[in-house]
Amino acid sequence: MNAIKHHTCQNGLRIITESNPSVKTVAINWGVRAGVATNIRDGESVLLAELMQRGAGGLSAKEHSDALDIRGVNRHVSCGVEFLRVSSVLLGNRLSDAVSLLSAFILCPTLPEQDLPACKSLCLQSIHSLADNPTRLAAVELNKHHLPAPFNRSAYGTVENITSTTIEQLRHTQARVCIPNESIIVLSGDVEHNQVVAEIEDIVSSWSAGDTVEIDTVAATRGAHWIQQDTSQVHISFAFDAPDATDDNSILESVATSIFGGATSGRLFTQVRQRRSLCYSVSARYAPSKHYSTVRIHAGTTPERAEETVQVCLEQLSELKNGITREEFDRTVQRMKSRIVMHGESTAARASALWGDQYALGRTRSLAERIEEIEGVCFEDVNAWLSQRKYGEITFVSVGPEELNIDKNAFHA
């Protein structure tokens, strides 16, 4: 019997539950399509995510926080590129008390004007902290150049817009984008579907659907880019297009990328770090999504070894087209299955996975279905996929003291 159940409210909100009677906690993952890509002014939702936590549901910030704390609700409000999320983990027997408090973040935040300066200060600190986190800085810059606008926006916002945004603009943004259209709430763990649906339906009964935000895109710039930073390290990042989550080749790409750079047994780690000692860290990750899926490679090295690190990474990427070995395939499939099982023991991980499935695929998958999908992959199919794989234009970003002397033609594969 499938423990995953779906319900769609009249206003468009989709409720998904996965009951697991063996656990005592329930994880909630609630997303509204209110990320920075939906903003008229870049970064408004970053501020909104902060200000939403300064009182909601007719309660002050302290009263709302205390009410959640006394019920043992661990919560987090975050802003991404396309969605603004409220996530939480709590004991299942506290769910009825907590749902209305958590929903207030989205449905009826106070948005007090007197707290706006403090929220701006926090957001600006996060932007300035990127200088001390070159790995993250390279990732932000990679998105900026590889993805089409406005999906290339940073989830940190911009200094200019954070500084100048007014409370009236934030309240308008909240009303415009925090709507039930395309909103998904997932609850995983100690949850009873019919009961929680009835409770949420009652809470959102006056939450009216609005006009879906239409997003027009502008082509990405791509190419090779350098951020000067006077350090003894160089951080290198690549990105290239990959199959979207709904593509039949997505699972083949996932296996191939995991073999390439998803573990210490992967080719990148073995060839770049272990055999040549070119860097202290290197990895590759496939990020399938509904749109704009990518494979990203990151390496941290020294200025003296940076150019050779880039060269060897690209050589290994080209070599991957020649295929994988049976040993690599068997080892990776087993590792991927183990990871799914381990994540299945976390209600928070399951809520996140189900949310991602519903958004990207338009359906949800049980643990058994995900494992069955991996077990259904054939060694020959992965090699057939790699033999005709075209990476296209590769976007490259380096953060370090000097610009690297790299042949720009190397980034067209």
Taking [X] for the side chain and [Y] for the main chain, is one N or O donor matched with an acceptor at less than 3.5 Å?
X	Y	result
Ser103	Val99	yes
Asp357	Thr364	no
Arg273	Tyr280	yes
Glu308	Arg305	no
Arg171	Leu111	yes
Thr110	Pro112	no
Asn74	Ser88	no
Tyr391	Leu317	yes

* Lys/Arg N to Asp/Glu carboxylate O, Arg222 vs Glu393, below 4.0 Å -> no

* Charged N-O contact under 4.0 Å between Asp190 and Lys24 -> no

* **Trp355 six-ring centre to Arg85 NZ/CZ under 6.0 Å and within 45° of normal** => yes

* To do: Can you label the angle between the Phe83 ring and the Tyr359 ring as parallel, tilted or perpendicular, going by 30° and 60°?
  =>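 Phe83 and Tyr359: perpendicular rings.
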
